4 protein chains.
Amino acid sequence: MRAARLHKFDPDLSGEEFLKIEEVPDPSIDAFDDVIVRVGGAGVCRTDLHIVQGQWEEAQLMPLPYTLGHENAGWVEEVGDSVRSVRPGDAVIVLPGVTDGVCDACRRGLDNRCTELAWQGIQFDGGFAERLRTKARNLVPIPEGMTPADAAPYADAGITAYHSVRVATRGTVPGDDVVVVGVGGLGHVAIQVLRATTPARIIAIDASPEALSTATRFGADHAVLGGPDTVEQVLDLTSGRGAAAVIDFVGDGDTPTQAFAMTGTGGTQVVVGYGGSLDLQMLDIMGSERSIIGVVGGTYADLREVMALSASGRVELLVDQYPFEELNHVMTSLARGELHARAVMVHG
Amino acid sequence: MRAARLHKFDPDLSGEEFLKIEEVPDPSIDAFDDVIVRVGGAGVCRTDLHIVQGQWEEAQLMPLPYTLGHENAGWVEEVGDSVRSVRPGDAVIVLPGVTDGVCDACRRGLDNRCTELAWQGIQFDGGFAERLRTKARNLVPIPEGMTPADAAPYADAGITAYHSVRVATRGTVPGDDVVVVGVGGLGHVAIQVLRATTPARIIAIDASPEALSTATRFGADHAVLGGPDTVEQVLDLTSGRGAAAVIDFVGDGDTPTQAFAMTGTGGTQVVVGYGGSLDLQMLDIMGSERSIIGVVGGTYADLREVMALSASGRVELLVDQYPFEELNHVMTSLARGELHARAVMVHG
Amino acid sequence: MRAARLHKFDPDLSGEEFLKIEEVPDPSIDAFDDVIVRVGGAGVCRTDLHIVQGQWEEAQLMPLPYTLGHENAGWVEEVGDSVRSVRPGDAVIVLPGVTDGVCDACRRGLDNRCTELAWQGIQFDGGFAERLRTKARNLVPIPEGMTPADAAPYADAGITAYHSVRVATRGTVPGDDVVVVGVGGLGHVAIQVLRATTPARIIAIDASPEALSTATRFGADHAVLGGPDTVEQVLDLTSGRGAAAVIDFVGDGDTPTQAFAMTGTGGTQVVVGYGGSLDLQMLDIMGSERSIIGVVGGTYADLREVMALSASGRVELLVDQYPFEELNHVMTSLARGELHARAVMVHG
Amino acid sequence: MRAARLHKFDPDLSGEEFLKIEEVPDPSIDAFDDVIVRVGGAGVCRTDLHIVQGQWEEAQLMPLPYTLGHENAGWVEEVGDSVRSVRPGDAVIVLPGVTDGVCDACRRGLDNRCTELAWQGIQFDGGFAERLRTKARNLVPIPEGMTPADAAPYADAGITAYHSVRVATRGTVPGDDVVVVGVGGLGHVAIQVLRATTPARIIAIDASPEALSTATRFGADHAVLGGPDTVEQVLDLTSGRGAAAVIDFVGDGDTPTQAFAMTGTGGTQVVVGYGGSLDLQMLDIMGSERSIIGVVGGTYADLREVMALSASGRVELLVDQYPFEELNHVMTSLARGELHARAVMVHG
């Protein structure tokens, strides 16, 4: 089958071909709970660029070359002996994190904290290919009326956005304000999840007017153009109280410091984006009883839940489909900031 | 009556007489809900030194001179017209934060976040005197068998310790480890509250062997002498997982960084002590889904609850009583680190 | 002023004049925290009929005659000495339960469980009059653009509906079904609150097709005509799983038994309506880990929150206004089941 | 191997030999995740008598004859190909409910609500035998210093008691009272779990003075002899407020009604015992905002947690060991109410 594999790191993303599209053997059922999925859509994520740059080298469990792609959906083609939960032909979305199912975290429903967690497309072969191998535990049915290519980005962007909203809004009541920093692939989902599941007034922040227009279309009550007075604007919009929660999908440059400053007494700063840092004074977090909470990916239950929201029509993804063979071109566009929706690779 | 008043700031604590003990008029009932309490015990807190140094100058609502003392207990002497909840003669402990009772925070039971909060002994006259004026809302009965002098430090040290344990152990289950950093006036209460209200295994950290011996006596399962290998020791004791929660009563120097490093995946660092800072990388908090949460003081309900624990004999305070006239001497000893229990001033 | 007072009970509601509209003295400020409100709207509730029938006689604290009316809103006219939170002229809605503010329940934000709770219009003079006396603690500002007559029913029907949804949906996730039994004054608010604050799929049940049409208009996903096969229909709609929560606003006849039968494993039956009973087998509640939870009225915070939802336009009340002098006629219509929206009495 | 099998139901428990002890083939590894455990202890439970009587006939998945025994512990003897979490020789306790691990309940950590749940010793061969077959998912290591015979009853009595305390005490604060009705195999564990994990004041109720003496020894603050004035005694002990929670391990005769009556405003009645019924008036549960919640068995996480408590020495089981061949004699004694501790069968 055709697969797009990483042969060597490219720290500056200066190459023309990040991944080599080539023939590789089909994956096969090796264990009782394996499932082979014919890929119907594979999302391209900024993390793929980071992997190509070698930023994840230390965490990778697999020697080069191997196949990237961690936002996958498709159709079940073959299942291992013990698999009862899906059958060949089923349309499914693939949770990227393979988990052991027996550790304490898994047994409490916190499988994104599994002690044996391994990410498909990062730590073993992923979905930039015609077929992938995963586990029965990783599959969620795709609702009728939706194709794998429509759904694929829920597997990572979707669950991370959903999970971050869930953490941010544990105590949200009508009258509270929630800020979404960064209205990209995750942020536009988060705004819709906020609208569908909470009474929060939603304030969206982005440096791009076009992104803010998307935010408003998907339910943001206020749109704030990012800049030096962002914090002041949020304080004004919240009558000086600050936000009950700030979900920071950027996490770089000034945003962590701004996100902290716009969080109100007793409020929560949720850290999703992660390039930057925050010089945190103990006095500042103590005196206002604020919380800073990290969120990474999502759980299997999160994927079920965000798919249920999608099935009900209350959340939709902005997706552009591209032919699989154009993957390197799409990655280049992503690196240049030229994409305006989540790119999903599909096979001809 | 006699009162100990602050006449001028002493940034270096170089003076001999921090507070002037002098005659002042007795307080009187000015409002329907005022209560006059004859002081039976007034705790001396490190915050009193900070006030003398002028560190709280900005937050003070009252011009000098005024009377310090925010950990007070005594007997009700006189009540305003509307007061039904206490009667003259009742032994009571005094919540230091006077709150409006009508803001959203108060109406949700979060009165330590009241928008009109004013602290007795910091923002208006306190309990380093023979009598004090407070509000009916601020009084909790002292259980039989306990004197005001026994109870006074619960009013601040007690509720802050209790509140921090409550925040730290929201999700604690048997098998979890909770670390207490700093076994002083707050820490020795926190250890007992942990023992009385949760199944946590308790690890106490302090730079003083004597404090660690107190920790063990009050129920700590492990005592770790603070030093360069503190983090490693905690990781060893927790089989490499780190703690489910770390309550940092020091919050200065290396402790914020160490507290973060010894918190496990999904764990919580509770910030109570507040002199220092933490250089927080977004990647570190994101990848492990940790939380950092600030805690300031406690609520009226916290005071009720810690007094109930005390009444049941499951929590006790280490208190040394001193004659009121020795207040300056006691404050000097506190500044020099010579006190080994909470000092409570009593009237002859 | 004019007031509508109950002079004698009428167990069969056979009289022509339930309440006597007559001249009474204006209320006056008697205590520091009293507030006089000029009534702008007073909702008529089925409980008023129960009071007339004498069903609440035992709970009444006041001898006849007195003024009924517990769903009140209006404008502040005069305030007691200590009142800072409202000023003459403010448009306000009046929480009917007067609470002491010092008991444990009040101090934890659960003021609907206050040990000294007294209901206006039931246990002391209410709002079927030109003016009423309440406490500063009981007032919530009415948002701009809404009149007291628009808002009055939020004071009881609104907060009870809101509170019941809050209890019912503590653990609701996308994909869960919530059933609302009875789409009247409370039910039509509950459906909107569910839509505005949760991702639940909403199933409305009522014996009236007109009520079901209201339900659908306000956001119910499914409308089920009450009858002998109600349980089967709900089980069909939920793929046999039953509902995650059933909020029973009827609570009489077959509905408690049906509500229990349509609640799924781990689900919650919320009891709001209260005329009937349920023969509960321990085996049935044990084996399925169901919960049955009672809800009475709402808290001050609930009133703030449902008013915030209303201000945002996400919840609206179906209200018909009538001249105050027609009160007995309106009560007769209510008793005969002829009203199709909440009746609010207004002064000419 | 030797096994004790049920060949025919005995509704009146009139026979001499409830189970036939006979030779059967050893179990074998049939699936990748099977584990063979050599039985070191098998607890005898009142449910075993109910099974013999045919009360569970409808729920049984297996034709007679088959092997009973659902409270098992022992040593791993052989494992299926995929099993990594245990190894031959490990001392383990066996969660009786086999679950699919893929349904929504399992994926949220609520495996006791698994849609495919099957109970060992009820729905397939259990542990009244020298060996049993279970799944890797069902095993929890036994801490050092404890034998399988010491631990076996934790597998059912222990987790059910633990789980019921967890549900009962979600909001328990110092000063709250929790009542335990029935101090038998479950109740004596529940009292210890309450003591170890919560600040509740514990009131134990039992009809036997001997059981009450056990209750007091294990930490109950008050012991009440069951009788016609039980409710009054509990109301007296709680100053008229009633209990914050009542855990009813009896659930038969008068106890459901009494348990409801002694539950305070906002309190919770936890239903574990299940023979009886309760005539529930909607008005009574509504007006006091009480909850009635059912609890069945426990989860894998519950078993981990109660074993952690046991390892820490904070909970211990009252166990009497008997030779396996005396099983029928032990069951007869249990039926006659002659056992005063949990009986565990051991092999020679």
Side-chain angles (χ1 to χ4, degrees), chain B residues 29-35 76 79-87 90 92-95 97-118 134-141 159 162-163 166 171 297-308 311, chain C residues 29-35 76 79-87 90 92-95 97-118 134-141 159 162-163 166 171 297-308 311:
Chain B
I29 297 286
D30 282 3
F32 59 92
D33 57 349
D34 279 351
V35 177
V76 173
V79 304
D81 287 348
S82 77
V83 178
R84 301 282 171 276
S85 49
V86 294
R87 289 191 299 190
D90 287 357
V92 291
I93 182 166
V94 185
L95 187 74
V98 165
T99 55
D100 68 5
V102 294
C103 69
D104 269 13
C106 280
R107 293 308 288 263
R108 290 190 163 88
L110 303 165
D111 46 79
N112 67 326
R113 297 182 188 165
C114 173
T115 52
E116 300 298 320
L117 187 74
T134 183
K135 295 287 182 185
R137 277 174 59 77
N138 285 57
L139 300 176
V140 171
I159 58 169
Y162 179 80
H163 185 50
R166 192 159 61 77
T299 66
Y300 180 86
D302 287 327
L303 185 52
R304 297 284 296 215
E305 291 168 20
V306 76
M307 292 307 290
Chain C
I29 297 286
D30 283 3
F32 59 91
D33 56 350
D34 279 350
V35 176
V76 172
V79 304
D81 286 349
S82 76
V83 178
R84 300 281 172 279
S85 48
V86 293
R87 288 191 299 189
D90 287 357
V92 291
I93 182 165
V94 185
L95 186 74
V98 165
T99 55
D100 67 4
V102 295
C103 71
D104 268 14
C106 281
R107 295 307 290 263
R108 291 190 163 90
L110 303 165
D111 47 80
N112 66 327
R113 298 183 188 163
C114 173
T115 53
E116 302 297 320
L117 185 74
T134 183
K135 296 287 182 185
R137 277 174 59 77
N138 285 57
L139 300 176
V140 170
I159 58 169
Y162 179 80
H163 185 50
R166 192 160 59 77
T299 65
Y300 180 87
D302 287 327
L303 185 52
R304 299 282 298 212
E305 292 167 20
V306 77
M307 292 307 292

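Note: hydrogens, waters and symmetry copies are ignored here, and every other heavy atom, side chains too, is used. Just so we're clear, the structure is a prediction, and the values are computed from it rather than from any experiment. Residue numbering restarts at 1 for every chain, and letters A, B, ... go by the order of the sequence lines.
With a 4.5 Å cut-off on non-hydrogen atoms, B:E116 does not touch chain C at all. For B:R137, the parts sitting under 4.5 Å from any heavy atom of chain C are the backbone and the side chain alike. Proximity to chain B is limited to the side chain of C:R304, based on heavy atoms less than 4.5 angstrom apart.
Counting heavy-atom pairs under 4.5 Å between each of B:S85, B:C106, B:S82, B:G101 and chain C puts B:S82 at the top. Contact count versus chain B (heavy atoms, under 4.5 Å) is highest, among C:L139, C:D104, C:L110, for C:D104.
In this structure, the separation between CZ on B:F32 and CG on C:D33 is 6.0 Å, given to the nearest 0.5 Å. To the nearest 0.5 Å, atom CZ of residue C:R107 and atom CG of residue B:L303 are 9.5 Å apart.
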